[in-house]
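When a residue number appears, it is its place in the shown sequence, counting from 1.
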Amino acid sequence: MKILSYNPGHDGSLAYIEDGRLITSIEAEKDSHYRHSPLSILDMLSFFGDLKELPDVLCRSGWWPGNNNLTEQRLISGYHGTGSDDIIVGKEKLFGKKVDSFSSSHERSHLLCAFGMSNLPKGTPCYALIWEGVIGSFYEIDDELNITKLADVMPEPGHRYALLYGLADPTFDKKVAEFSRFSDAGKLMALASFSKRNKPSIEEEKIISFLMQNCPHLKPQECETLRDYRHYNIGLDDPEFQNFAGIVSDRIFDRFYHYAELNLKRNKPLLIAGGCGLNCDWNTKWKETNFFSEVFVPPVANDSGSAIGTAIDAQLYFTGNPKIEWNVYSGREFVIDGEYDASSFDVFDSNLEKVTEMLANNLILGWINGKYEIGPRALGNRSILAAPFNDSSRERLNEIKQREQFRPIAPICLEEDAKKWFNCNQPSPFMLYTQKVSTDALAAVTHVNGTARIQTVSSKSNNHLYDLLVAFKKCTGFGVLCNTSLNFNGKGFINNISDLSDYTIKHKLDGFVIEGKCYMLKSSQYYQKYLTMKNANNRDIN
């Protein structure tokens with residue numbers, strides 16, 4: 001069965017599943033479009049151009065009721081709902097062919113995405129947690145895949161978490177905003193690591209009560225009631241606010257953990273979905289509780305996985321199968337036939353040893369290989385790579401990325417070396433957990449609290465990246481590199497050579513590598529220093 005699914009709105013995406021296997025998944029923000037973009041007509045037409053034949057089922061993920069007319073609303077499921085009543089099935093024409101149509105709720109898309117992509121066999125009872133901007137709920141899934149919502153533990157956990165960042169940020173206009181900024185949750189996660197977790201003051205307890213109050217929607221305008229409090233517009237470099245960020249982070253997690261402790265049975269699997277599933281600190285806490293037999297978070301835990309989840313839901317409905325085979329590198333191939341400023345680059349065929357040598361000499365390179373990764377995290381196919389040893393590399397990477405300097409840089413590491421350097425005893429291929437760094441040698445990837453958001457790499461998970469890490473280890477003794485996403489600030493991954501050339505020149509990368517071919521920026525002082533060193537070494541040898 002061939003299933004085409006789309007989520008047209010926020011974090012717009014398209015997914016195509018054929019006979020239980022994810023063939024491709026694209027997201028509207030990728031190829032340098034704005035983060036969290038809805039699907040465009042061009043996205044749809046481009047995707048249809050890749051299809052070899054029409055699908056059997058056309059799916060649309062549910063969302064808030066919009067300005068659709070009544071006929072359209074009858075064909076599209078809503079945001080909430082977990083049962084069969086929240087599934088809409090019909091028929092419609094696609095290029096003159098009658099196909100089945102399917103829609104189910106946004107809530108179900110998260111749950112089915114997590115279950116369908118997990119290693120849990122069909123029929124495995126488990127718990128699920130959706131925590132995101134709107135939903136904060138626990139669920140039980142039985143052996144027949146019946147879903148029971150156990151409790152709405154906290155409304156809007158992601159929104160309330162991000163709103164704390166906006167409370168302290170004087171650039172966030174709290175008087176006009178209807179919702180917190182999507183970018184602020186990840187920034188607060190970074191700031192929370194600066195916290196000493198000291199006891200909150202009486203005033204801070206009042207802010208916590210304000211943020212965690214039980215109301216359907218907490219409007220940013222209501223922060224005006226806190227304008228006389230110390231943390232209001234205090235700025236993000238303030239140590240007391242940074243300490244408070246960690247306290248609030250713990251309080252939100254604790255509310256969900258206390259519910260689990262009181263109401264859930266131990267030693268069942270836990271699936272985590274929703275945008276808060278990208279919070280590595282919270283994911284690590286869930287594992288460290290040892291409450292669940294296993295914890296699974298998909299790399300598309302946020303709404304970028306909604307199209308996949310709805311496709312899995314449709315597959316379950318029509319075939320009885322809730323499981324798919326999938327690979328995280330299921331996006332689009334890189335486009336190399338565009339125009340770029342060739343006069344600005346030295347272009348040459350290279351090998352891993354040459355790339356390793358440049359990285360070891362502190363050059364920072366874009367790294368392109370194969371199809372891009374699904375989800376928001378760069379996992380080695382659309383990455384910026386650098387040596388992990390000096391904090392100056394982290395500082396320069398944040399300058400290149402145009403990010404705040406409190407933001408950490410993540411490491412990629414050979415799977416077999418992860419225990420030695422990061423106390424990581426099991427594969428962590430999707431950069432979803434934090435680990436304690438066990439050496440002072442990796443300053444560029446060690447956050448202020450001594451942790452790192454690690455991605456482990458094996459020959460099976462990403463053979464090209466694995467071979468590069470092996471070569472780097474041979475050169476330096478460490479199979480570890482800095483890895484951050486290759487993107488313009490506020491946009492998704494770069495996926496064409498025109499944008500990549502422009503980015504390299506404007507943001508001062510030293511060059512980039514596309515599947516074995518190097519494009520080195522002639523104006524880069526680091527590249528010129530490297531060439532001078534190489535020439536001097538050659539003279540010494542001769």
Side-chain angles (χ1 to χ4, degrees), residues 3-17 22 25-28 36-40 43-44 47 55 57-92 94 99-117 128-137 139 141 145-149 152 155-156 158-159 179 182 216-217 271-277 298 300-318 322 324:
I3 302 171
L4 172 60
S5 179
Y6 65 102
N7 167 33
H10 168 79
D11 280 343
S13 56
L14 287 141
Y16 186 69
I17 291 176
L22 179 65
S25 175
I26 70 165
E27 295 144 43
H36 314 296
S37 292
L39 286 178
S40 69
D43 292 326
M44 299 290 288
F47 196 85
V57 185
L58 181 64
C59 307
R60 186 199 189 278
S61 299
W63 196 247
W64 299 108
N67 295 321
N68 305 319
N69 62 43
L70 292 177
T71 300
E72 289 174 317
Q73 288 184 23
R74 286 194 290 268
L75 298 174
I76 300 168
S77 189
Y79 198 91
H80 296 279
T82 60
S84 57
D85 292 344
D86 302 292
I87 295 173
I88 300 172
V89 180
K91 293 278 188 182
E92 59 184 280
L94 185 65
V99 300
D100 290 305
S101 64
F102 181 93
S103 182
S104 60
S105 69
H106 180 74
E107 197 168 7
R108 282 186 66 94
S109 78
H110 277 313
L111 294 166
L112 270 296
C113 179
F115 188 89
M117 296 181 76
L129 166 63
I130 298 179
W131 50 355
E132 49 144 45
V134 175
I135 299 172
S137 305
Y139 308 79
I141 302 176
L145 265 172
N146 297 308
I147 300 167
T148 302
K149 180 181 284 191
D152 293 317
E156 304 181 318
H159 165 56
F179 208 77
F182 295 130
H217 177 50
L271 306 174
I272 296 177
C276 295
V300 286
N302 65 336
D303 289 354
S304 67
S306 288
I308 296 174
T310 303
I312 294 172
D313 204 1
Q315 180 180 276
L316 171 64
Y317 180 88
F318 289 106
I324 61 168

Would you please name every residue forming a side chain to side chain donor-acceptor pair (under 3.5 Å) with Asp313, sequence neighbours left out? Ser104, Arg108

Note, Met44 side chain near Leu14 side chain (heavy atom, < 4.5 Å): yes

The side chain to side chain donor-acceptor pair (under 3.5 Å) partners of Asp152 (sequence neighbours excluded) come to Ser137, Lys149

What is the ring orientation for Phe182 with Phe179, classed by angle as parallel under 30°, tilted 30 to 60°, or perpendicular over 60°? tilted

Only one of Leu112, Val300, Asp11, Asn7 clears side-chain contact (heavy atoms from CB on, under 4.5 Å) with Ser306; which? Asn7

Would you be so kind as to tabulate the donor-acceptor pairs closer than 3.5 Å made by side chains of residues 82-91, with sequence neighbours excluded?
| from | atom 1 | to | atom 2 | distance (Å) |
| --- | --- | --- | --- | --- |
| Asp86 | OD2 | Thr82 | N | 3.1 |
| Asp86 | OD2 | Gly83 | N | 3.0 |
| Lys91 | NZ | Asp100 | OD1 | 2.8 |

Closest non-hydrogen atoms of Cys113 and Gly305, given as atom of the first, atom of the second and distance, are SG-O, 3.6 Å

Not counting sequence neighbours, which residues clear ring-ring contact (aromatic ring centres under 6.0 Å, His included) with Phe318? List them please. none

Using only atom types and a distance under 3.5 Å, with no angle test, would you say the side chain of Ser103 pairs donor to acceptor with the backbone of Ser77? yes

Verdict with supporting geometry, Ser5 and Ile17, side chain to side chain contact (heavy atoms under 4.5 Å, CB included): CA-CA 8 Å; Ser5 179; Ile17 291 176; over 6 Å; no

Which class fits the ring pair Phe47 and Tyr16: parallel under 30°, tilted 30 to 60°, perpendicular over 60°? perpendicular

Give, for atom CD1 of Ile130 and atom NE2 of His80, the distance between the pair rounded to the nearest 0.5 Å. 10.0 Å

Got Val99 and Leu4 here, is their nearest side-chain heavy-atom distance under 4.5 Å? no

Of all heavy-atom pairs linking Gly133 and His159, the shortest is O-CB, 3.4 Å

Residues which pass side chain to side chain donor-acceptor pair (under 3.5 Å) with His217, listed by chain and number, not counting sequence neighbours: Glu156

Check whether the side chains of His36 and Asp303 place a donor and an acceptor atom closer than 3.5 Å, and report yes or no. no

Compare every heavy atom of Ile272 with every heavy atom of Pro298, then report the nearest pair and how far apart it is. CD-O, 3.2 Å

Does Phe115 form a side chain to side chain contact (heavy atoms under 4.5 Å, CB included) with His110? I'd like the steps, not just the answer. CA-CA 9 Å; Phe115 188 89; His110 277 313; over 6 Å; no

Set of side chain to side chain donor-acceptor pair (under 3.5 Å) partners for Gln315, sequence neighbours left out: none

Here the gap from Leu22 atom CG to Ile324 atom CD1, rounded to the nearest 0.5 Å, amounts to 5.0 Å

Closest approach of Cys59 to Val57 (non-hydrogen atoms, all atoms of both residues): SG-CG1, 3.8 Å

The test is side chain to side chain contact (heavy atoms under 4.5 Å, CB included); show your working for Leu111 and Leu271 and say whether it passes. CA-CA 8 Å; Leu111 294 166; Leu271 306 174; over 6 Å; no

Start with the C-alpha distance between Ile76 and Trp63, add both sets of side-chain angles, then the distance that settles side chain to side chain contact (heavy atoms under 4.5 Å, CB included), and finish with yes or no. CA-CA 8 Å; Ile76 300 168; Trp63 196 247; 6.0 Å; no

When you compare the side chain of Glu107 with that of Tyr79, does any pair of heavy atoms fall below 4.5 Å? no

Where do Ala307 and Ser13 come nearest, in terms of heavy atoms and distance? CB-OG, 3.4 Å

Looking at Gly275, is its backbone amide N or carbonyl O close enough to the side chain of Glu132 to form a donor-acceptor pair, meaning the two atoms are under 3.5 Å apart? no

